[in-house]
Amino acid sequence: MRILSFKKEKWDKKFLIAFLITLVCSIICGIVLFKPVTVNFYFIDFAEEYVFNVFNFDNSSIFLSHFLSDILYFYIFFFLCYFTRFKYLTLVFLYIRGLFFGIYVSILIVVSSVGGILVAVIVFIPSTLISVAVCFFISDFCRCIDKKIVFFVPAVLALIDGLILIFLINVVFRVIIIIV
């Protein structure tokens, strides 16, 4: 069990508060930017394809896009926090991620009607919030992990986050659709 050992380290409360404030502000900005973004067909196509893939339980395209974006963000957070002392620089990337999250949630809810609301509430919002929580974990506790496995931790966490997304689609969403 020595490989999976963590050093005792306290949470950085200032960073947690800054992290939450940045996330809330970026989500609000994403919701406000919803109207100007609706002229861009990429966002609308993404929302329609996402809803279509969730309702058809097509896991491969959703898993791949979610996994690749998680790998990118997790390694950015990891490299910034592990090799530098600029942990607060990750808030810029969190702001960008929260901005797109707010835009996509607004488009899923407004453009895709009832199916979009179900997909946003049951699948998209929980999976993205879990991913953001993992980003906080990586940025705050990456220095505590044993040096032998530290470089594989973001990839493993991205895989676990992708499996949680698949669980949300195939188990939770299916059960709720069958009940409704």
Which distance, rounded to the nearest 0.5 Å, do you find between the [atom1] of [X] and the [atom2] of [Y]?
X   : Y    : atom1 : atom2 : answer
I76 : C81  : CD1   : SG    : 11.5 Å
N59 : N170 : CG    : CG    : 4.0 Å
L16 : F136 : CG    : CZ    : 4.5 Å
T22 : L91  : OG1   : CG    : 4.0 Å
I21 : S26  : CD1   : OG    : 12.0 Å
F19 : T90  : CZ    : OG1   : 6.5 Å

So which heavy atom on [X] is nearest to which on [Y], and how close?
X    : Y    : result
G162 : H66  : CA-CD2, 4.2 Å
I62  : V54  : CD1-CG2, 3.5 Å
S139 : K87  : O-CD, 3.3 Å
D70  : A158 : CB-CB, 3.9 Å
P126 : A120 : CD-O, 4.0 Å
G116 : V51  : CA-CG2, 3.8 Å

| request: Kindly state whether the ring of F78 and the ring of F151 have centres lying under 6.0 angstrom apart. | output: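 Yes; F151 has its ring centre under 6.0 Å from that of F78.
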| message | Ring centroids only, cut at 6.0 angstrom: are Y73 and F93 within range, meaning strictly under it? | response |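 That pair fails the under 6.0 Å test.
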| said: Assess whether a salt bridge exists between D140 and K13, defined as any Lys/Arg side-chain N lying under 4.0 Å from an Asp/Glu carboxylate O. | reply: no
Using a 6.0 Å cut-off, check whether atom [atom1] of [X] has over 12 heavy atoms from anything other than its own residue.
X   : atom1 : answer
Y42 : OH    : no
Y50 : OH    : yes
F52 : CZ    : no

Test item: [X] and [Y] side chains (from C-beta on) under 4.5 Å apart, heavy atoms:
X    : Y    : answer
L157 : F137 : yes
Y95  : L23  : no
V134 : F77  : no
F101 : F124 : yes
L159 : F63  : yes
I164 : S127 : no
I169 : F57  : yes
V105 : I31  : no

| message | Classify the ring geometry of Y88 against F15: parallel below 30°, tilted from 30° to 60°, perpendicular beyond 60°. | response |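 Rings of Y88 and F15: perpendicular, as their planes differ by over 60°.
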| Can you name the residues that form a side-chain hydrogen bond (donor to acceptor under 3.5 Å, both in side chains) with D58, not counting sequence neighbours? | S60
| query | Does T128 use its side chain to pair, donor to acceptor, with the backbone of I125 at less than 3.5 Å? | reply |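 No, because the side chain of T128 does not come within donor-acceptor range (under 3.5 Å) of the backbone of I125.
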| For residues S131 and R97, is any side-chain donor paired with an opposing acceptor at under 3.5 Å? |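 Side chains of S131 and R97: pair found under 3.5 Å.
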